[in-house]
Amino acid sequence: MTFKVRILTLFPHAFPGPLSESLIGKGLKNNLWSLEVFNLRDFALNKHKNVDDTPYGGGPGMIIKPEVIDTGIKKFTGNSSPKIFLTPRGKPLNQKKSIELSKNKGLDLICGHYEGIDERVINFHQLEEISIGDFVLSGGETAAIVLLDSVLRLLPSILGGSKSLFEESFSDLPLLEYPQYTKPKIWKNLQVPDVLLSGNHKKIDEWRYKKRIDDTKERRPDLWGKNKKV
Ligand code: ADE
């Protein structure tokens, strides 16, 4: 079945962007997932096509008007998919959430720009607010692309059956992935670790598991803390 993606944005040309490449791009061509992009400006109610206005209470930037988003949502979203608003105020995206989202029939994504959108329309339509990290982007479009990449690659028809998905960072244990090497054996006088050339799969698995633990402790003490519960 086709996974239906619908996007509401002021910048429709931002899509599909990098999602037209590689396995996800092939999936789009082969209709494993579909993409419909709607221009928020088409839902502006006045003849000047204004979509935004100044914030009540003062402050910098412009806020997208609630009725513009509301009209857009009513015209473009279905009932069968979660409605997600990308915002740095949302719950942080992680692998667990991406797996959960990939089990839907599709996703309806709303991208804000400028300083954001009127809070009332978020509550009225019960939009799920998701952030892709603790930094501020100039708009939700790049965040939507990141979210879609992480979700679409999990679809069984795209990559989902692949064993490598379960060995990568965050998928099985909250550990980073082990480092990888390929030919040549020696490059700029730097050697591939001997154990990887040994052909001893038990030893290789042990070395990789230890590397995952050591690297997680060193690079991501926050993630390592979560392993204590495992
Ligand atoms: N829009 C602007 N910054 C964002 C972020 N970090 N995550 C999601 N949407 C955003």
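Whatever order the structure lists them in is the order used to number ligands and atoms, beginning at 1. It should be emphasised that the depicted structure is a prediction, and the values quoted were computed from it without experimental measurement.
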Need the list: ligand 1 N/O atoms against protein N/O atoms, distance under 3.5 Å, rounded to one decimal.
from: ligand 1; atom 1: 3 (N); to: L137; atom 2: N; distance (Å): 3.0
from: ligand 1; atom 1: 6 (N); to: G133; atom 2: O; distance (Å): 3.2
from: ligand 1; atom 1: 6 (N); to: F135; atom 2: O; distance (Å): 2.8
from: ligand 1; atom 1: 7 (N); to: I132; atom 2: N; distance (Å): 3.0
from: ligand 1; atom 1: 9 (N); to: T87; atom 2: N; distance (Å): 3.1

I'd like to know whether CG of N123 has more than 12 heavy-atom contacts from other residues, nucleotides or ligands below 6.0 angstrom. yes
Note, I63 side chain near T54 side chain (heavy atom, < 4.5 Å): no
How about S34 and F3: do any of their side-chain heavy atoms sit closer than 4.5 Å? no
Could E67 and R120 be called an ion pair, given the rule that one side-chain N must be under 4.0 Å from one carboxylate O? no
Let me know which of V5, L148, V37, L28 forms a side-chain contact (heavy atoms from CB on, under 4.5 Å) with P16. L28
Looking just at side-chain N and O atoms, do T9 and E141 make a donor-acceptor pair shorter than 3.5 Å? yes
